[in-house]
Amino acid sequence: MKLKQRVVVLALLLVILVLTKLLLLDRLETSAAQRQDQLSFQRMMSSLRLTLDSRLEHTLQSPWEIASQWVVPREVYPEDSPEMGAVLHSMAIKKIVRADVGYKGTQLKALLVLEGGQKVVFKPKRYSRDYIVEGEPYAGYDRHNAEVAAFHLDRILGFRRAPLVVGRYVNLITEIKPVATEQLLSTFLKQGNNTCFYGKCYYCRETEPACAEQEMMEGTVTLWLPDVWPLQKHRHPWGRTYREGKLARWEYDESYCDAVKKTSPYDSGPRLLDVIDTAVFDFLIGNADRHHYESFQDDEGGSMLILLDNAKSFGNPLVDERSILAPLYQCCIIRVSTWNRLSHLKHGTLRSALLTATAHDPIYPVLSKTHLDALERRLQSILATVQQCIGQFGADVVMVEDRMTFTHM
């Protein structure tokens with residue numbers, strides 16, 4: 001063999017060796033990522049069952065201080081949070097020292113201050129667990145139990161972007177009225193033997209109050225995020241027009257995602273992938289009402305998309321509103337970690353995990369069987385949608401590796 005031919009052969013062999021090494025390294029990294037996701041899933045499953053207990057071991061801090069220190073730009077609470085049960089317990093039983101009308105919004109709520117100065121948002125029960133809200137996918141009153149279910153689904157999915165929520169029973173006569181502001185008190189009334197209030201909001205009406213069973217009202221409380229983390233509101237790029245006969249651009253333009261990718265903050269950083277995670281989350285819970293979303297201020301696109309206000313969920317378990325998934329099927333990308341977590345939740349694991357996670361809650365059972373069935377059905381639809389994207393574009397394009405490192409104080 002001539003020298004020139006030998007050089008060519010050696011060069012080809014070198015190229016093959018380099019490509020083989022790169023391929024092996026890529027496979028090793030992929031395998032390591034999969035093992036990481038598997039271990040994370042196992043840790044989540046082992047920590048799902050909470051005990052609502054007031055004891056806080058190995059710390060002199062209050063539950064409110066602990067929860068406040070959990071918050072960082074990319075998560076509301078850490079993966080390892082053994083004090084979670086104690087914080088939720090305090091939210092469910094701590095004395096109410098002040099009650100006022102809710103902050104601005106369209107739905108009835110009350111702003112409570114608990115002993116120790118912690119603010120929480122109280123949402124009252126409006127429907128029974130089996131009630132089916134018909135009509136538009138965003139129709140009806142807020143569902144208080146949806147907030148509890150959504151919070152624990154956030155834990156199960158490993159997002160950790162939803163504020164803490166727990167069910168709570170309050171006595172409107174002995175717990176609320178003595179500490180209520182005049183503005184809230186002016187909305188109290190009686191219907192038969194039941195005490196009611198209608199609060200102050202865009203859709204609040206004296207003719208449509210929320211009523212207790214006599215004096216006791218079932219509801220949920222959501223932990224107020226720390227004031228040191230001010231929020232910034234954004235219009236959701238896949239928001240609806242809420243006008244009959246008028247479609248948003250994404251509803252008729254299949255290339256809409258390409259335009260979104262060219263605009264800030266979706267042109268770089270994690271925000272677009274957060275939107276797609278949120279579409280997965282919202283499709284599972286049936287929330288078609290996320291017209292805006294919040295992040296932390298001055299984040300330059302690096303903050304998480306915070307999963308606030310999930311009460312327009314679990315309305316109709318018989319309808320799967322596929323348009324909620326538009327960010328996923330129009331962009332055809334998803335985080336590898338999200339895909340792995342969804343894959344681990346197949347074959348009834350999601351239902352079982354949510355039942356375990358909510359078993360401690362004061363208002364358990366949180367969801368009806370039909371809503372649990374809907375979760376399983378919608379999970380299969382999400383997995384099928386991703387598979388369709390892979391079939392069209394390939395896994396290398398669809399699966400995005402985007403892991404964040406979290407630092408807690």
Side-chain angles (χ1 to χ4, degrees), residues 50-73 75-78 81-105 107-124 144 147-148 151 160-188 197 199-201 217-233 294 296-297 303 306-309 311 360-363 408-409:
L50 299 173
T51 301
L52 263 62
D53 193 323
S54 60
R55 288 176 296 179
L56 281 169
E57 298 179 355
H58 313 301
T59 181
L60 296 176
Q61 292 180 303
S62 74
W64 315 138
E65 291 172 324
I66 290 170
S68 177
Q69 291 177 3
W70 280 343
V71 182
V72 293
E75 59 181 10
V76 175
Y77 53 92
S81 48
E83 305 92 351
M84 179 73 76
V87 176
L88 293 176
H89 177 74
S90 296
M91 292 168 61
I93 62 99
K94 284 285 187 181
K95 182 179 178 182
I96 299 166
V97 297
R98 190 172 188 272
D100 199 356
V101 294
Y103 59 96
K104 60 184 179 181
Q107 298 290 312
L108 172 60
K109 59 184 77 72
L111 180 60
L112 310 180
V113 179
L114 305 182
E115 187 177 16
Q118 178 62 52
K119 289 187 284 188
V120 295
V121 176
F122 177 79
K123 294 189 177 181
H144 72 300
E147 292 283 14
V148 175
F151 163 62
R160 300 188 290 279
R161 301 171 204 157
L164 277 62
V165 184
V166 71
R168 176 162 181 161
Y169 288 91
V170 297
N171 188 305
L172 294 182
I173 301 300
T174 63
E175 291 185 90
I176 300 297
K177 291 191 78 172
V179 297
T181 62
E182 286 299 324
Q183 194 171 24
L184 180 59
L185 278 175
S186 67
T187 73
F188 272 67
F197 77 100
K200 184 178 180 181
C201 68
M217 175 169 277
E218 178 183 318
T220 57
V221 287
T222 301
L223 196 69
W224 194 271
L225 289 169
D227 292 335
V228 296
W229 293 97
L231 300 180
Q232 182 175 350
K233 194 170 188 177
E294 285 80 15
F296 293 129
Q297 279 185 9
S303 161
I306 305 167
L307 297 175
L308 276 174
D309 197 5
H360 72 281
D361 199 273
I363 65 168
H408 286 275
M409 299 171 61

What distance do M217 atom CE and Y169 atom OH have between them, rounded to the nearest 0.5 Å?
12.0 Å
Approximate separation, where rounding is to 0.5 Å, of Q107 CD and D309 CG:
8.0 Å
Evaluate I363 against V148 for side chain to side chain contact (heavy atoms under 4.5 Å, CB included), listing each step before the verdict.
CA-CA 9 Å; I363 65 168; V148 175; 4.2 Å; yes
Do the non-hydrogen side-chain atoms of Q183 and D100 ever get within less than 4.5 Å of each other?
yes
Minimum heavy-atom separation for L225 to F296, with atom names?
CD1-CE2, 4.5 Å
Let me confirm one number: the CG-NZ distance from L308 to K233, rounded to the nearest 0.5 Å.
10.5 Å
In R98, K95, K94, R168, the residue satisfying salt bridge (Lys or Arg N to Asp or Glu O under 4.0 Å) with E175 is R168
Any side-chain heavy-atom pair from I96 and V170 closer than 4.5 angstrom?
yes
If I compare all heavy atoms of M84 with all of Y77, which pair ends up nearest, and what's the gap?
CE-CD1, 3.7 Å
For V76 and W229, what are the C-alpha separation, side-chain angles and deciding distance, and is it a side chain to side chain contact (heavy atoms under 4.5 Å, CB included)?
CA-CA 11 Å; V76 175; W229 293 97; over 6 Å; no
Kindly give the heavy-atom pair with the smallest separation between C201 and L108, and that separation in Å.
SG-N, 3.6 Å
Quick one about Q61 and E83 (side-chain donor to acceptor, distance below 3.5 Å, no hydrogens or angles considered), yes or no?
no
How close do F151 and L164 get, counting heavy atoms only, and between which atoms?
CE1-CA, 3.8 Å
Pairwise side-chain contact, K119 with L112, heavy-atom cut-off 4.5 Å (strictly under)
no
CD of Q118 to OG of S68: how many Å apart, nearest 0.5 Å?
8.0 Å
Which atom names give the shortest non-hydrogen contact between A67 and L223, and what distance separates them?
CB-CD2, 3.7 Å
Please assess H89 against D53 for the test side chain to side chain contact (heavy atoms under 4.5 Å, CB included), listing each intermediate value before the final yes or no.
CA-CA 6 Å; H89 177 74; D53 193 323; 5.7 Å; no
Salt bridge check: are K123 and E147 linked by an N-O gap of less than 4.0 Å?
yes
Evaluate the ring planes of F197 and F188, with Trp represented by its six-membered ring, and classify them as parallel (under 30°), tilted (30 to 60°) or perpendicular (over 60°).
parallel
Check whether any side-chain heavy atom of V120 sits under 4.5 Å from a side-chain heavy atom of L114, and report yes or no.
yes
For a quick test of reading the model, state the closest non-hydrogen atom pair linking M91 to V166 and the distance between them.
CB-CG1, 3.7 Å
dist L307:CG -> E294:CD (nearest 0.5 Å) comes out at 10.5 Å
Check for a donor-acceptor pair, side chain of E75 on one end and backbone N or O of R161 on the other, with a separation under 3.5 Å.
no
F122 CZ to T220 OG1 distance, which is reported to the nearest 0.5 Å:
7.0 Å
Pair L88-H360, side chain to side chain contact (heavy atoms under 4.5 Å, CB included): steps then yes or no:
CA-CA 10 Å; L88 293 176; H360 72 281; 3.8 Å; yes
